[in-house]
**Q** 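There's a structure below that I have some questions on.
Below, read A as the first sequence line, B as the second, and so on, with proteins coming before strands; counting in each chain starts at 1.
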Amino acid sequence: MDEQYLPGKVATNAQEYWEKHRTFRAVTDPKREKFYCLSMFPYPSGKLHMGHVRNYTIGDVIARYQRMQGKNVLQPMGWDAFGLPAENAAMANNVPPAQWTYANIDEMKKQLKALGFAIDWDRELATCKPEYYKWNQWLFLRMLERGIAYKQTGVVNWDPVDQTVLANEQVIDGRGWRTGSLIEKREIPMYYLAITRYADQLLDDLEKLPEWPERVRAMQANWIGKSYGVRFAFPYQLNGKEEKLWVFTTRADTIMGVTFCAVAAEHPLATHAAKNNPALAAFVDECKRGSVMEADIATIEKKGMPAGIHVMHPLTGEPVPVWVGNYVLMGYGEGAVMAVPAHDERDFHFAKMYQLPIKQVIAVSGESFSTDAWQEWYAEKERGRCINSGKYDDLDYAGAVEAIAVDLKRKNLGEKQVMWRLRDWGISRQRYWGCPIPIIHCDRCGDVPVPDRDLPVVLPEDCVPDGSGNPLNKRADFVATRCPECGQPARRETDTMDTFVDSSWYYARYCCPDNGKAMVDEQVKYWMPVDQYIGGIEHAILHLLYSRFWWKVMRDVGLVQGDEPFARLLTQGMVLNDIFFRKPANGRVVYFNPADVEIKCDEKGNRTGAILKRDGQPVEFAGIGTMSKSKNNGVDPQSLIEQYGADTARLFIMFASPPEMTLEWSDEAVAGANRFLRRLWRMVAEHVRGGLPARKEWPDLPPDLLELRRLTHLTLQKVTDDMGRRRTFNTAIAAVMELTNALGKLKDNSEPAKRVRHEALEISVQVLSPIVPHISHVLWFALGNKQAVVDSGWPRLDTVVLKQDSLEMVVQVNGKLRGRVSVPVQAGEERVKEIALANEAVSRHVGGKAVKKVIVVPGKLVNIVVA
RNA sequence: GCCCGAGUGGCGGAAUAGGUAGACGCAACGGACUUAAAAUCCGUUGGAGGACAACCUCCGUGCCGGUUCGAGUCCGGCCUUGGGCACCA
């Protein structure tokens, strides 16, 4: 073997071996226990970024670990290939999105291969290929048949200059990113998927996912947002006809405190009222400007204007004024709310601003109500009792809701209802680079689904978008078709599907990526569910919820079995780096890449400042943040691999922090990871040079060697647990480092010492091999093995060597550490107490005071409580 | 604004079920080797105080309060910070 560790040579050696032996090809084999390890597939944006490297390294370590445990492992890879960035790149470079996307895939595939991931590339797929998205269309048609897919209007961002629908991302401070014009909300017809029909299942089945992080389940449950309340109506007269203004509330107990109602600007009542009221029309227009994002709407200043209309209180019959409010969402609930200023904080402030009456209807004993300022208890429902509420006085929350619901029902004006925060999934996008929605518009027959035999509806790949509208509308060869029902000329739908549709079922397609006859086949029964899914925490809600929904639909269509697609989930943290910038006196902020910045420290290592290497002038530190183009703080994985090799990159990423936490970049720590690999290499090289030991029965070992063997197996035990159960790879690596540190101190070169060292090195190489597979591959052969480490299985734990006669226990006096004692393993509690009290340091601190209590935690600690 | 996390030395982090705070690594400092540099190896390294010394004492896990023999860990209230909020993926 080489004296020096040459990462490039080592990587080539290992990767060629895997390629030649087709090591990572996954074969469907029901006789073997399978393990499906899946990382979220990347959007082919151009180059791999550090987030990808982290994601796929975590997945690869788990896949390789499971493989060594003897499982039949599937780890596939593909491309989430439709999306907005391709259209933006197309506009910038005048290149069709397809061409840009395929070039990016080639580049990123090369990078993934350089990192040595144990991927079965035979199963590669890309969502922009008709063989794939045909089945998006096919299942969409099944959903139409079942009424799960339906058509309805929805609100979008409209750029009046470009005459284009914009994504939220393309709206900056209420203006279109290219034109700078003020954005308007606009209602257009769209296709929706009725995910709310599955709301109950999506919520209840979270209990079937014990191996998901608690926080993801909590976020999903809150997102689905089941609430119990009352849906009821305020009647009113319109053009001589009886109409009803419907609202939903979880606080029906406060209904007697309603002093006004508020409706969204898009609500029909607002539209009607604005007709003969120019001031209101102007206000409605104002509300319709701005973004559709909920975060914006929730933080804007609450504004309103009276609609000049009154509705009737359903219980008292009193007139209630209707206001138009910019904070009421048309897309949520009824687009109208009842307002109870006394018991809802938002209504309270709104009422104060517009001098609307505030009527207290809930009292809590011991608290006094005042309209001067809001107090927390006003909104409390647990301790409250109704007052000023006529027949409902003195009822508690549950009693009042019940009684009021009964009365509303009797008047046919409402009833108790379950309400979901979750909204149906609008999938129509007025964009080119996506999966066409398989619908044909016929003047005679209406919206006609494309028959199965005509699938897929193929997207032309040679369009170049120009920023105004959807280029598909200008493609007569795409749009012009015939109605499948009447045969007359008709138009194709030009909207495409949300890219979340593509990523909602790709995991199932990996089981049979080449099947041209069906969406999935019986192989999904073997491979699904995914045993381990790994991806960014930023996908905790949308992607995972849509996937769970889509899978349930596939189940109900009879394609798959089981209720959930992902058994275990690991959400990795983001990759962060320092952010440096300069802000010229009257210019835009300029960001500098940390690689170009030198940090100044004082003699204690505290940061004192930073300068740009190029000009030696100071730059400002803006803290740490996720690696991004806009902050110019990314690290290119490619240059990292070129400098240190794939194993160093992988080792650093797995060592720097546990997978669920954020990872802060550090060039110095990367160099440290490389140093460890070089040391490991040298250790093996020296050991091999000294001659490999003969393999015999274990001889009786002297105490120091026995101790080292014990450490070897303690390390194996810990690493196995850390990698398999805890998934804390950083502590697994630390444990191996401790072992190699101890090994470095062993200067003995006797035959027994060689045997102990050999075993320790073999186990180190084997357990590190999922993390640093290339160097492990070469070192394993160097240690005299005939079979590749990837096929060597997991090392066996020697439980005999772990047995000890005595152990160390910690002794505390009043909870403070005062001494350590050695105790025989079989010693009982009384004996342990005796030994602890006999300790010199302990008795000094007890100091003759009366011992009140002694607590013994077996095998760990003794706490002596004195007066 | 709402939902969900996180906060421990100069830095990344460890402490797995309420039981030794700071494993492992980085940086820094001191030393060895070398003509020199790189590489490598050895040692020190939370703060304050005390002892010639082996060592000893006190303080310390964002802030305030609580439960407990014992709290980084549990509970209540804050502060700061990260992710998500439905058309970025």
**Q** If you assign Thr499(A) and Ala673(A) each to the RNA chain B nucleotide with the nearest heavy atom, which residue ends up on the more 5' nucleotide?
**A** Ala673(A)

**Q** For Phe350(A) and Gly304(A), which heavy atoms make the closest approach, and how far apart are they?
**A** CZ-CA, 3.6 Å

**Q** Determine the contact category for Thr299(A): base if any of its heavy atoms lies under 4.0 Å from a base atom, sugar-phosphate if only primed atoms, P, OP1 or OP2 are that close, otherwise nothing.
**A** base

**Q** If we take the C1' atom in both A21(B) and A15(B), what is their distance in whole Å?
**A** 7 Å

**Q** Expressed as a whole number of angstroms, how long is the span from Leu711(A):CG to C24(B):P?
**A** 12 Å

**Q** With a 4.0 Å cut-off on heavy atoms, is Ile855(A) in touch with a base, just the backbone sugar-phosphate, or nothing at all?
**A** base

**Q** Inspect the contact between Glu3(A) and Arg689(A) and indicate whether a charged nitrogen and a carboxylate oxygen are less than 4.0 angstrom apart.
**A** yes

**Q** State whether the distance check finds a donor on one side and an acceptor on the other, under 3.5 Å, for side chain Asn863(A) versus base C69(B).
**A** yes

**Q** Counting C-beta onward and ignoring hydrogens, is there a side-chain heavy-atom pair between Arg215(A) and Ile537(A) closer than 4.5 Å?
**A** yes

**Q** Kindly indicate whether the side chain of Arg682(A) and the base of U40(B) share any N or O donor-acceptor pair separated by less than 3.5 Å?
**A** no

**Q** When we call it a touch if two heavy atoms are under 4.0 Å apart, what does Phe655(A) touch: a base, just sugar-phosphate, or nothing?
**A** base

**Q** Please state how far atom CD in Glu829(A) lies from atom C1' in G19(B), giving the value in whole angstrom units.
**A** 14 Å

**Q** Does G9(B) sit syn or anti, given that only angles within 90° of 0 count as syn?
**A** syn

**Q** Heavy atoms under 4.0 Å, any strand shown: does Val865(A) hit a base, just sugar-phosphate, or nothing?
**A** sugar-phosphate

**Q** Met661(A) near the nucleic acid: base, sugar-phosphate alone, or nothing, with a heavy-atom cut-off under 4.0 Å?
**A** sugar-phosphate

**Q** Closer than 3.5 angstrom, by distance alone: can the side chain of Tyr644(A) be matched with the main-chain N or O of Ala673(A) as a donor-acceptor pair?
**A** no

**Q** Just N and O in the side chain of Asn88(A): are any of them under 4.0 Å from OP1 or OP2 of C88(B)?
**A** no

**Q** Within the distance-only criterion (no hydrogens, no angle test), does the side chain of Asn222(A) pair as donor or acceptor with the backbone N or O of Ala218(A) below 3.5 angstrom?
**A** yes

**Q** Which whole-number value in Å describes the distance from Arg675(A) CZ to U40(B) C1'?
**A** 10 Å

**Q** Side-chain contact, heavy-atom cut-off 4.5 Å: Ile188(A) with Gln430(A)?
**A** yes

**Q** May I ask you to say what Asp721(A) touches in the nucleic acid, namely base, sugar-phosphate or nothing, with a heavy-atom cut-off under 4.0 Å?
**A** base

**Q** Would you please indicate if the ring centroids of Tyr506(A) and Trp550(A) are separated by under 6.0 Å?
**A** no

**Q** How is Arg820(A) classified with respect to the nucleic acid when contacts are heavy atoms under 4.0 Å: base, sugar-phosphate, or nothing?
**A** base

**Q** For a quick check, tell me whether the side chain of Arg678(A) and the base of U40(B) share a donor-acceptor pair closer than 3.5 Å.
**A** no

**Q** May I ask you to say what Met809(A) touches in the nucleic acid, namely base, sugar-phosphate or nothing, with a heavy-atom cut-off under 4.0 Å?
**A** nothing

**Q** Considering only C3(B), U20(B), A89(B), which nucleotide approaches the side chain of Asn222(A) most closely?
**A** C3(B)

**Q** Give one of base, sugar-phosphate or nothing for Gln430(A), where a contact means two heavy atoms less than 4.0 Å apart.
**A** base

**Q** Could you check whether Phe655(A) and Phe676(A) have their ring centres less than 6.0 Å apart?
**A** no

**Q** Calculate the interatomic distance between Leu663(A) atom CG and C11(B) atom C1'; express it in whole Å.
**A** 13 Å

**Q** How about Tyr133(A) and Phe82(A): are their ring centroids closer than 6.0 Å?
**A** yes

**Q** Students often get this wrong, so: under 4.0 angstrom with heavy atoms, is His845(A) touching a base, only sugar-phosphate, or nothing?
**A** sugar-phosphate

**Q** Between the protein and nucleotides 78-86 of chain B, which nitrogen or oxygen pairs come in under 3.5 angstrom?
**A**
residue	atom	partner	partner atom	Å
C85(B)	O2'	Glu294(A)	OE1	3.3
A86(B)	OP2	Glu294(A)	N	3.1
A86(B)	N7	Arg423(A)	NH2	3.4
A86(B)	N6	Arg421(A)	O	2.9
A86(B)	N1	Arg423(A)	N	2.9

**Q** Can you tell me how far C1' in G70(B) sits from the matching atom in A17(B), rounded to whole Å?
**A** 15 Å

**Q** Can you tell me the distance, in whole Å, between the CG atom of Asp667(A) and the C1' atom of G12(B)?
**A** 13 Å

**Q** Using a heavy-atom cut-off of 4.0 Å across all strands, would you classify Gln812(A) as base, sugar-phosphate, or nothing?
**A** base

**Q** Could you tell me whether Pro658(A) contacts a base, only the sugar-phosphate backbone, or nothing, with contacts defined as non-hydrogen atoms closer than 4.0 Å?
**A** sugar-phosphate

**Q** What does the 5'-to-3' dot-bracket notation of RNA chain B look like when only Watson-Crick and G-U wobble pairs under 3.5 Å count, and pairs to other strands show as |?
**A** (((((((..(((......[....))).(((((.......))))).(((((....)))))..(((((..]....))))))))))))....

**Q** Quick one: Leu739(A) CG to G25(B) P, roughly how many Å, whole number?
**A** 12 Å

**Q** Regarding Phe500(A), tell me which of base, sugar-phosphate or nothing describes its non-hydrogen contacts under 4.0 Å with the strands shown.
**A** base

**Q** Please tell me which of the listed nucleotides, G1(B), C87(B), G25(B), lies nearest to the side chain of Met190(A)?
**A** C87(B)

**Q** Identify, between Val156(A) and Glu668(A), the residue whose nearest nucleotide on RNA chain B lies closer to the 5' end.
**A** Glu668(A)

**Q** With heavy atoms under 4.0 Å as the rule, sort Arg346(A) into base, sugar-phosphate or nothing.
**A** nothing

**Q** Does any donor-acceptor pair link the side chain of Lys718(A) with the base of U16(B) at a separation under 3.5 Å?
**A** yes

**Q** Between Thr496(A) (side chain) and Trp433(A) (backbone), is there a donor-acceptor pair under 3.5 Å?
**A** no

